[in-house]
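Accompanying notes for the structure given below.
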Amino acid sequence: MSKIIYSNLAAEMARKKITQSKLGELLGINRVIVHQRLIGATDWKLKEICILMNYFNEGFEYLFEKEN
C-alpha cells in the first residue's frame with residue numbers, strides 16, 4: 001500500500017470523517033486522483049488547495065507539510 005505523504009491532511013480528513021471519495025466530490029475530482037495527490041504521485045492544483053484550506057480551516061503550511 002502506498003504511504004500517505006500529506007499526513008496532516010489525512011489527519012484532518014479523519015477528524016471530519018471524510019473519505020477520499022467524498023473529498024473528491026468536494027474538489028470535483030475522482031477518488032483515484034485524490035489518492036494520487038495524497039501520496040505525492042501528482043501535484044495538487046491551486047484551486048484544490050484553496051478549497052481544502054477553506055474546508056478544513058487550516059493553512060497551507062500545516063495541511064501540505066510532507067512527512068520526512
Drop me the distance from [X]'s [atom1] to [Y]'s [atom2], to the nearest 0.5 angstrom.
X     : Y     : atom1 : atom2 : value
Arg37 : Phe64 : CZ    : CZ    : 10.0 Å
Leu52 : Lys45 : CG    : NZ    : 13.5 Å
Met53 : Glu61 : CE    : CD    : 7.5 Å
Ile33 : Leu27 : CD1   : CG    : 10.0 Å
Gln36 : Asp43 : CD    : CG    : 11.5 Å
Glu48 : Leu23 : CD    : CG    : 9.0 Å

Are the side chain of Lys16 and the backbone N or O of Tyr55 linked by a donor-acceptor pair below 3.5 Å?
yes

Keeping the roles fixed (side chain from Asn8, backbone from Tyr62), state whether a donor-acceptor pair exists under 3.5 Å.
yes

Can you name the closest pair of heavy atoms from [X] and [Y] and give their distance?
X     : Y     : value
Ile39 : Lys3  : CG2-O, 3.2 Å
Arg15 : Glu12 : NH1-OE2, 2.6 Å
Val34 : Gln20 : CG2-O, 3.7 Å
Leu38 : Leu9  : CD2-CD2, 3.7 Å
Ile4  : Ala10 : CG2-CB, 3.8 Å

The test is side chain to side chain contact (heavy atoms under 4.5 Å, CB included); show your working for Trp44 and Ile51 and say whether it passes.
CA-CA 11 Å; Trp44 293 95; Ile51 291 169; over 6 Å; no

Would you kindly confirm whether Leu26 and Phe60 end up in one hydrophobic cluster when ILVMFWY residues are joined by side chain heavy atoms under 4.5 Å apart?
yes

